[in-house]
> 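Below are the structure tokens for one structure; questions will follow.
Below, chain A is the first sequence line, B the second, and so on; all start at residue 1. What you see below is based on every heavy atom in this structure, not just the backbone, and it leaves out hydrogens, waters and symmetry mates. Everything numeric here is computed off the predicted structure, so don't read it as measured data.
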Amino acid sequence: MKQDELLNIVTDNAVFGGAYNIRVNGKLFDRKTNENVDIVSKEGASGIDIFIKDGTVGQTIGIPVVLTSGDIQEVVLNDFHIGKNCDVTIIAGCGIDNCSSCTSQHDGVHTFYVGQNSKVKYIERHYGHGEGSGQKVMNPETVINMEKDSKMEMITTQLEGVDSTVRKTTAHLADGANLVITEKVLTTGEQKATSIFDVDLDGKNSKAKLSSRVVAKDNSYQDFYSDVKGNNDCYAHIECDAIIVNNAKVGSTPKIVANHPDASLVHEATIGKIAGEQLLKLLSLGLDEKEAEDAIIQGFLK
Amino acid sequence: MLKLQDVCYSAMGKQILKDINLTFSDEIIVITGANGAGKSTLAKIIMGILKPTSGKIFYNDQDITDFSITERAKMGIAFAFQQPVKFKGLKVLDILRLSSSEKGKSLSTYLSDVGLCAKEYLTRELSGELSGGELKRIEIASVLARKCPITIFDEPEAGIDLWSFSNLVQTFKNFQNQVKGTMILISHQEKMIEIADTIIVMKEGKVEKVGKNHEILPTLSIKSCKGCGGNR
Ligand SMILES: Nc1ncnc2c1ncn2[C@@H]1O[C@H](COP(=O)(O)OP(=O)(O)OP(=O)(O)O)[C@@H](O)[C@H]1O
Ligand SMILES: [Mg+2]
């Protein structure tokens, strides 16, 4: 698969009107900055610092990573310093095309400092491709620090082809901060995916909504852990929905801790096969079993 | 023409349908009868969701008893469930697209047929975010959109508010004028029963009465009830 093709999949064909930093096979491939957004390579480590000025509004910033050959293992640290009163979209993601027999691995730690009253939409897509026996491994870690009245929406999607992934997301929310995380994961074959969420609602009136929708097919295995602490007058809702197909296994281990009398925390988890009645409804519209199953799964992960 | 011949159905050692012999032609047929009489079971047997324990089903003289749900759907049988099905992730537009090959604007008309504003609903998820009545209307719309020669609606009035109910009755009439097929309505509502050409009354798994509207309607004591001056 060509580099451009892989980039388009990872970024969902987004056009970066603002700044961008494209990393290919472990090296900087292209970078553009502007007067509001500065991108600086880290010294002594792989990765970048992204500085977004106070009041930056309407920019889309892209920082995709692609690996097009086997035997690359990298750890990248990216820090996002987002000023006050911003409203920006950040598109990250990693695509690995590995046709070799060696493991390709991208581990990224993305740390966000979201300034007061700022609004960030963060989209991350993961995709693996390649017929070779080489493993495609991604371990993304996201650390989110939210200042007063900031908002962050994080959408992560692991499309297919990733053999092994451990995703860890940590967040600290100040007064009035609002965090929404939507995670979609599809695993097939022998793949394994683990998601760990560790959220501290420190501020008064802080809110977190965490939703995980996953499909595990074949012999794949997925595990979901969440540890959400309400340390103030706050609200959190965690929802974990999983569809299992064939012999796949899914685990969900929620933990919600109220460390404050006004904390209100909800957890819901549903794991199971596609509901029989859903299949029956689509069959009665004239779809065959395979089409019905695909329609249900596609909708669920969309 | 749809024909059920000596259809019986048992589940968990209980006989739910007994010797059903019915012929449905191109008209409006209303099936009524007490809760638990076997109306939904009969509908599911026609759609192929349940297989009769014995007996046969013919569609235009072809034996379809062993046909799958998909095969029957493709032949032109459609069924609106009594309990609408929820889907996480599927949008109203998605289900309409799966129901019909028509495009955008004409799909919207199926929503207005059931009293919903397309603009507001097309992008909504078919999940618990919608009210029971809204889900029910969308279920009906998804079946209207199929424009099948054989269409079964299982208690379409359930959960629909009174004001919208008369519009719904009109929608079924219009649909029948357009499609001119076999429209089977399972209903307890007098206003719905009134539009029937043929009425079937079921009781304890059997067909108790079947006949033309003017023959059966007067024998039904819907308006009356014991002890409140009814004409029973
Ligand atoms: N799978 C099953 N196993 C055992 N009994 C069943 C099963 N399905 C239905 N029944 C029973 O069969 C009878 C008929 O059910 P059915 O749903 O067809 O009734 P209905 O006429 O549609 O009633 P309603 O007006 O309440 O919708 C009921 O007594 C019901 O409890
Ligand atoms: Mg019923």
> Considering only heavy atoms, which portion of B:Phe81 lies under 4.5 Å from any heavy atom of chain A: side chain, backbone, both, or neither?
side chain

> Quick check on B:Ser142 against chain A: is it the side chain, the backbone, both or neither that has a heavy atom closer than 4.5 Å?
both

> With a 3.5 Å distance limit and no angle check, can you tell me whether B:Arg146 reaches the backbone of A:Ser284 through a side-chain donor-acceptor pair?
yes

> Mind listing the closest non-hydrogen atom pair of A:Gly299 and B:Leu90 along with its distance?
CA-CD2, 3.9 Å

> Within the structure provided, determine whether A:Leu283 and B:Ile49 are in side-chain contact (heavy-atom separation under 4.5 Å).
no

> What part of B:Ile77 gets within 4.5 angstrom of chain A, counting heavy atoms only: side chain, backbone, both, or neither?
backbone

> Checking B:Lys91 against chain A: side chain, backbone, both or neither under 4.5 Å from a heavy atom?
neither

> With no hydrogens and no angle check, is any side-chain donor or acceptor of A:Gln278 less than 3.5 Å from a backbone partner on B:Lys86?
yes

> Output yes when A:Arg213 and B:Glu125 qualify as a salt bridge under the 4.0 Å nitrogen-oxygen rule, no when they do not.
yes

> Taking CD in A:Glu289 as the centre, count heavy atoms belonging to other residues, nucleotides or ligands within less than 6.0 Å. Is the count above 12?
no

> Check whether any side-chain heavy atom of A:Leu280 lies under 4.5 Å from a side-chain heavy atom of B:Lys44, and answer yes or no.
no

> So for A:Lys281, is it side chain, backbone, both, or neither that comes closer than 4.5 Å to the heavy atoms of chain B?
both

> Just one of B:Ile69, B:Leu98, B:Thr70 clears the side-chain contact (heavy atoms from CB on, under 4.5 Å) bar with A:Leu282, so which one?
B:Leu98

